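If you're wondering where the values come from, they're calculated on a predicted model, not measured in any experiment.
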Amino acid sequence: GDDFDGVLPPTGPGTSGYLAPYVERIRLLDMRRDDELATRARKLATKHLRRRPASNPIRRMGVALADVPGLTGGDIETFHRYMFGTCRQCGSAAELAADHAEWLETHVGGGMAAAAPLLREVAQGAKSLQFTLARAMHGRTVDITDTIERMAVAYDEAMAILDATLGR
């Protein structure tokens with residue numbers, strides 16, 4: 001009805017030209033079991049795990065986000081770009097990693113799925129940060145320390161599980 005049309009207006013010739021929202025993530029629920037694919041995915045996950053930063057990126061992001069006064073009074077477009085490059089990318093990557101850990105667990109086993117709830121905690125924290133920082137943009141005083149710390153601890157615990165199951 002009207003609600004749907006307002007959210008996703010038609011595109012193409014003779015329309016207003018609005019574009020539908022982009023997709024950050026797609027779940028492939030019915031992917032068939034393919035042992036070769038699963039083995040390659042595990043090898044790639046191990047390779048990427050070894051490439052991760054030596055220090056906790058959540059804590060580094062917390063330091064960068066502590067510059068909240070730089071957002072106060074700024075324009076909404078700058079705020080959204082800042083959030084996209086920090087909170088949204090962090091949350092999206094954590095959610096994708098959680099899904100991948102569960103997928104790997106289903107296909108090759110090894111205990112990787114135990115990291116998924118911790119990675120989802122990071123994703124949830126990233127959403128919370130975005131809302132908290134939106135309040136800061138409107139001049140409110142905010143403290144992101146506890147949220148960053150919870151996210152950082154969850155990240156460290158998830159990486160410890162993945163190190164133990166995939167090897168670093």
Side-chain angles (χ1 to χ4, degrees), residues 4 7-8 19-68 71 79-137 142-168:
F4 182 81
V7 172
L8 299 172
L19 297 176
Y22 64 90
V23 175
E24 291 183 356
R25 185 175 77 121
I26 299 172
R27 288 184 190 220
L28 303 174
L29 299 176
D30 294 326
M31 184 172 273
R32 62 184 165 85
R33 182 173 171 93
D34 182 333
D35 291 334
E36 181 183 346
L37 175 64
T39 300
R40 289 176 62 201
R42 181 186 170 101
K43 286 179 184 177
L44 281 171
T46 301
K47 178 181 174 181
H48 288 292
L49 183 67
R50 289 180 182 145
R51 292 179 55 214
R52 78 172 186 271
S55 63
N56 187 312
I58 305 295
R59 287 198 172 90
R60 289 197 324 269
M61 183 176 74
V63 170
L65 291 175
D67 184 27
V68 173
L71 292 177
F79 175 79
H80 283 295
R81 281 195 309 267
Y82 196 77
M83 289 300 101
F84 184 82
T86 55
C87 296
R88 288 188 59 199
Q89 291 300 308
C90 173
S92 181
E95 190 74 35
L96 182 61
D99 286 349
H100 193 56
E102 289 174 339
W103 186 89
L104 283 170
E105 178 74 22
T106 300
H107 291 80
V108 297
M112 291 163 269
L118 296 161
L119 291 164
R120 287 201 172 85
E121 188 176 332
V122 171
Q124 187 60 41
K127 290 176 191 174
S128 177
L129 279 175
Q130 185 169 345
F131 289 120
T132 299
L133 293 170
R135 289 191 295 275
M137 185 190 164
V142 299
D143 183 2
I144 62 172
T145 308
D146 289 343
T147 303
I148 289 290
E149 185 57 25
R150 283 192 305 275
M151 290 171 65
V153 168
Y155 173 88
D156 284 339
E157 290 175 5
M159 293 303 109
I161 291 167
L162 295 176
D163 281 342
T165 57
L166 290 171
R168 180 165 185 182

(Q) Is any side-chain heavy atom of Gln124 closer than 4.5 Å to one of Lys127? (A) yes
Q.
I'd like to check Arg40 versus Lys43 (side-chain heavy atoms, cut-off strictly below 4.5 Å). Are they in contact?
A. no
Please report the shortest heavy-atom distance between [X] and [Y], naming the atom on each side.
X      : Y      : value
Ala113 : Glu105 : N-OE1, 3.4 Å
Gly109 : Arg42  : O-NH1, 4.0 Å
His107 : Ala38  : CB-CB, 3.6 Å
Ala123 : Ala94  : N-CB, 3.9 Å
Cys87  : Leu133 : SG-CD1, 4.2 Å

Q) For the atom pair CE (Met83) and CD (Gln89), what is the distance rounded to the nearest 0.5 Å? A) 12.0 Å
Listed pairs under 3.5 Å, donor-acceptor, residues 146-161 side chains, sequence neighbours left out:
from, atom 1, to, atom 2, distance (Å)
Thr147, OG1, Arg150, NH2, 3.4
Glu149, OE1, Arg59, NH2, 3.3
Glu149, OE2, Arg59, NH2, 2.9
Asp156, OD1, Asn56, ND2, 2.9
Asp156, OD2, Asn56, ND2, 3.4
Asp156, OD2, Arg59, NH1, 3.3

**Q.** Pairing residues for Ala98 by the side-chain contact (heavy atoms from CB on, under 4.5 Å) criterion, not counting sequence neighbours
**A.** Ala116, Leu119, Arg120
(Q) Test of understanding: with side-chain hydrogen bond (donor to acceptor under 3.5 Å, both in side chains), list the residues that count as partners of Thr132, not counting sequence neighbours. (A) Arg135
Q: Taking side-chain hydrogen bond (donor to acceptor under 3.5 Å, both in side chains) as the test, write out the residues that go with His80, two or more places apart.
A: none
(Q) Please evaluate residues Leu162 and His48 with respect to the criterion side-chain contact (heavy atoms from CB on, under 4.5 Å), reporting the C-alpha separation (whole Å), side-chain torsions for both, the decisive distance (0.1 Å), and the verdict. (A) CA-CA 11 Å; Leu162 295 176; His48 288 292; over 6 Å; no
Q: Give a yes or no on whether the backbone of Leu49 and the side-chain of Arg52 come within a donor-acceptor separation of less than 3.5 Å.
A: yes
Q.
Has Thr86 got a side-chain atom pairing as donor or acceptor with Tyr82's backbone, closer than 3.5 angstrom?
A. yes
